[in-house]
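One structure below.
Side chains are part of it too, since the values below use all heavy atoms of this structure and drop only hydrogens, waters and symmetry mates.
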Amino acid sequence: MAISKTKTSYFKFLEVLGQDRRKRGQDMKVGFIGLGIMGRPMCKNLVKAGYEMVVCDFNKDAVADLVSCGAEAAANGKEVAEKCDVIITMVPNSPHVRAAVLGEGGVVEGAHEGTVVIDMSSIDPVESKAIGAELAKKGVEMLDAPVSGGEPKAIDGTLSVMVGGKKELFDKYYDMLMVMAGSVVYVGDLGSGNVAKLANQIVVACNIAAVGEALAFAKKAGTDPELVYQAIRGGLAGSTVMDAKAPMMLGRNFKPGFRIELHIKDLNNALNAAHAISAPVPLTGQLMEMMQCLKADGYEKEDHSSLVKYYEKIGNVTVEPENK
């Protein structure tokens, strides 16, 4: 994905700023736990900006990659916390965050009073609050700051970040978070970041399903779904989701930008959080069952645009342009 001139200029500014920080010996030493598809490029952007990084992951190749960029390796979360005042976690789900932060060899074992954990994973907001409460007993602060945008935006540093926690902590680390993002928005108390992320995932899932349903309907009606897409994308039905996912459906390109199995994880967290507060989310429940059908058919590793396959199966139709 191309990086805008503004963003390129911003990176150049950060590189110069980072060089200046190193000269003055005033670097902020930052820990980063979780160097997966999202975490690795996010961490690289922090290194590029001049932050002194201490990294940890089970994937030794990912760790070696970051070390080659200038980061320092740590054996576990405890060692990361011993060397850093702020630690970012970017791992798959709630149990992984709990293990990385509170488990054996975890952050809490090496943390000191005043240490800050910024969890950028997408997890259950109820669990964010619970982990934050455990950390607070040790004098450790926490922000939940999940991201949206997928791997391309993690690479070019234009993620959307939704942050929950103390406002003064948000203000303190805003500039650091902006290195990885195009927008960083404060949402409220701890857990609110993940509430916003789950709301995002509900809207995205419903939009993708609606696009798939509409294109399958068009095909079944004997109208070219490509032409229908072009006809409606400029009107009220048009959306970022439609423009990102309709071409994938029509081109039969289901290479994952965001896998079905990860969206299932997010919707499960949304359902759990909603049930905990008696919030009705009927569309979320329906989308979960549709994605479970796709998982049963072996599509869980595909992009969530594969939701169109649910409609193709029940409608006995294949969504593709007439002139293919």
Original post:
Are any non-hydrogen side-chain atoms of Thr318 and Lys219 less than 4.5 angstrom apart?
Top reply: no
**OP:** State whether Lys78 and Glu104 are salt-bridged, where the test is any N-O pair (Lys NZ or Arg NE/NH1/NH2 against Asp/Glu carboxylate O) under 4.0 Å.
**Re:** no
Original post:
Given the rule in the side chain to side chain contact (heavy atoms under 4.5 Å, CB included) test, do Ser148 and Met162 qualify, once you have shown the distances and angles that lead to the verdict?
Top reply: CA-CA 8 Å; Ser148 178; Met162 300 142 268; 3.8 Å; yes
Original post:
Where the side chain of Lys153 meets the backbone of Gly182, is there a donor-acceptor pair that is under 3.5 Å apart?
Top reply: no
Original post:
Of the non-hydrogen atoms in Leu35 and Cys56, which two are nearest, and what is the gap between them?
Top reply: CG-O, 4.3 Å
Subject >> Heavy-atom closest pair, residues Tyr310 and Leu294 >> reply: N-CD2, 3.8 Å
Original post:
Transitively linked via ILVMFWY side-chain contacts under 4.5 Å: Leu190 with Leu169?
Top reply: no
Subject >> Point-to-point distance, once rounded to the nearest 0.5 Å, from NE2 of His263 to CE of Met290 >> reply: 11.5 Å
Original post:
Is it true that Arg233 and Asp243 make a salt bridge, defined as a side-chain N closer than 4.0 Å to a carboxylate O?
Top reply: yes
Original post:
Do NZ/NE/NH1/NH2 and the carboxylate oxygens of Glu312 and Arg252 come within less than 4.0 Å?
Top reply: yes
Original post:
What are the two closest non-hydrogen atoms of Ser305 and Ile208, and how far apart are they?
Top reply: CA-CG2, 4.0 Å
**OP:** Apply the test side chain to side chain contact (heavy atoms under 4.5 Å, CB included) to residues Val184 and Val163: give CA-CA distance (whole Å), side-chain angles for both, the deciding distance (0.1 Å), then the verdict.
**Re:** CA-CA 7 Å; Val184 177; Val163 187; 3.9 Å; yes
Original post:
Is the side chain of Lys220 donor-acceptor paired with the backbone N or O of Gly315 at a distance under 3.5 Å, no angle test?
Top reply: yes
Original post:
Just checking, any donor-acceptor pair under 3.5 angstrom between side chains of His304 and Lys245?
Top reply: yes
Original post:
Between Glu213 and Ala209, is there a donor-acceptor pair closer than 3.5 Å when you use the side chain of the first and the backbone of the second?
Top reply: no
Subject >> Distance (rounded to the nearest 0.5 Å) between Leu267 CG and Gln292 CD >> reply: 9.5 Å
Subject >> Pairwise side-chain contact, Val140 with Val116, heavy-atom cut-off 4.5 Å (strictly under) >> reply: no
Original post:
Is the backbone of Val241 close enough, under 3.5 Å, to the side chain of Asn207 for a donor and an acceptor to pair up by distance?
Top reply: no
**OP:** Would you indicate whether Asn316, at its atom CG, is surrounded by more than 12 heavy atoms from other residues, nucleotides or ligands within a distance under 6.0 Å?
**Re:** no
**OP:** Considering non-hydrogen atoms only, spot the tightest contact between Ser278 and Pro280 and give its length.
**Re:** O-CD, 3.5 Å
Original post:
For Gly105, does its backbone N or O pair with a side-chain atom of Glu109 as donor and acceptor, under 3.5 Å?
Top reply: yes
What donor-acceptor contacts under 3.5 angstrom involve side-chain atoms of residues 64-72, with partners at least two apart or in another chain?
{"unit_1": "Asp65", "atom_1": "OD2", "unit_2": "Arg40", "atom_2": "NH1", "d": "3.0"}
{"unit_1": "Asp65", "atom_1": "OD2", "unit_2": "Lys44", "atom_2": "NZ", "d": "2.8"}
{"unit_1": "Ser68", "atom_1": "OG", "unit_2": "Asp65", "atom_2": "O", "d": "2.5"}
{"unit_1": "Glu72", "atom_1": "OE2", "unit_2": "Lys83", "atom_2": "NZ", "d": "2.6"}

Original post:
Thinking salt bridges, do Asp144 and Lys129 make one under a 4.0 Å N-O criterion?
Top reply: no
**OP:** Indicate yes or no: at least one non-hydrogen side-chain atom of Met120 is less than 4.5 angstrom from one of Ile118.
**Re:** yes
**OP:** Check whether any side-chain heavy atom of Glu82 sits under 4.5 Å from a side-chain heavy atom of His112, and report yes or no.
**Re:** no
**OP:** Spell out, as yes or no, whether a donor-acceptor pair under 3.5 Å connects the side chain of Ser121 to the backbone of Val91.
**Re:** yes
**OP:** Step through the shown structure and confirm whether more than 12 heavy atoms of other residues, nucleotides or ligands are within 6.0 Å of CD on Glu168.
**Re:** yes
Subject >> Val30-Leu177 co-clustered via ILVMFWY side chain contacts under 4.5 Å >> reply: yes
Original post:
Any link between Ile260 and Val211 through a network of hydrophobic side chains (Ile, Leu, Val, Met, Phe, Trp, Tyr) touching at under 4.5 Å?
Top reply: yes
Original post:
Under 3.5 Å, side chain of Ser306 to main-chain N/O of Lys309, donor-acceptor pair present?
Top reply: no
Original post:
Is any side-chain heavy atom of Phe217 less than 4.5 Å from a side-chain heavy atom of Pro225?
Top reply: no
**OP:** Might you point out which heavy atoms bring Ile232 and Ala237 nearest each other, and give the distance in Å?
**Re:** O-CB, 4.1 Å
Original post:
Say you draw a straight line from CD of Glu289 to OG1 of Thr284; how long is it, rounded to the nearest 0.5 Å?
Top reply: 12.0 Å
**OP:** State whether a side-chain donor-acceptor pair under 3.5 Å links Asn194 with Ser128.
**Re:** yes
Original post:
With side chains defined as the heavy atoms from C-beta onward, is the minimum distance between Leu135 and Val101 less than 4.5 Å?
Top reply: yes
Original post:
Short question: side chain of Lys197, backbone of Val147 - any donor-acceptor pair under 3.5 Å?
Top reply: yes
**OP:** Calculate, to the nearest 0.5 Å, the distance between atoms CE and CE belonging to Met249 and Met242 respectively.
**Re:** 9.0 Å
Subject >> Asp119 and Thr89: side chain donor to acceptor below 3.5 Å >> reply: yes
Original post:
Judged by modelled atom types alone, do Asn269 and Asn93 share a side-chain donor-acceptor pair under 3.5 Å?
Top reply: yes
**OP:** Over all heavy atoms of both residues, which pair between Val126 and Ala276 is shortest? Give the atoms and the distance, please.
**Re:** CG2-CB, 4.3 Å
**OP:** Could you tell me whether the side chain of Leu143 reaches within less than 4.5 Å of the side chain of Val117, counting heavy atoms only?
**Re:** no
**OP:** For the pair Arg259 and Glu300, find out whether any cationic side-chain nitrogen is under 4.0 Å from an anionic carboxylate oxygen.
**Re:** no
**OP:** Please round to the nearest 0.5 Å and tell me the distance separating atom OG of Ser122 and atom CG of Leu262.
**Re:** 9.0 Å
Subject >> SB check Arg98 Glu127 (cutoff 4.0 Å) >> reply: yes
Original post:
Can you check whether Phe258's main-chain N or O pairs, donor with acceptor, with Asp303's side chain at less than 3.5 Å?
Top reply: yes
Subject >> Side-chain (Tyr186) to main-chain (Gly188) donor-acceptor, under 3.5 angstrom >> reply: yes
Original post:
To the nearest 0.5 Å, how far apart are CZ in Phe32 and CD1 in Ile88?
Top reply: 5.0 Å
**OP:** Please determine which of Ile155, Leu159, Asp156, Val179 meets the side chain to side chain contact (heavy atoms under 4.5 Å, CB included) test together with Asn45.
**Re:** Val179
Subject >> Heavy-atom side-chain proximity of Asp85 to Lys29 below 4.5 angstrom >> reply: no
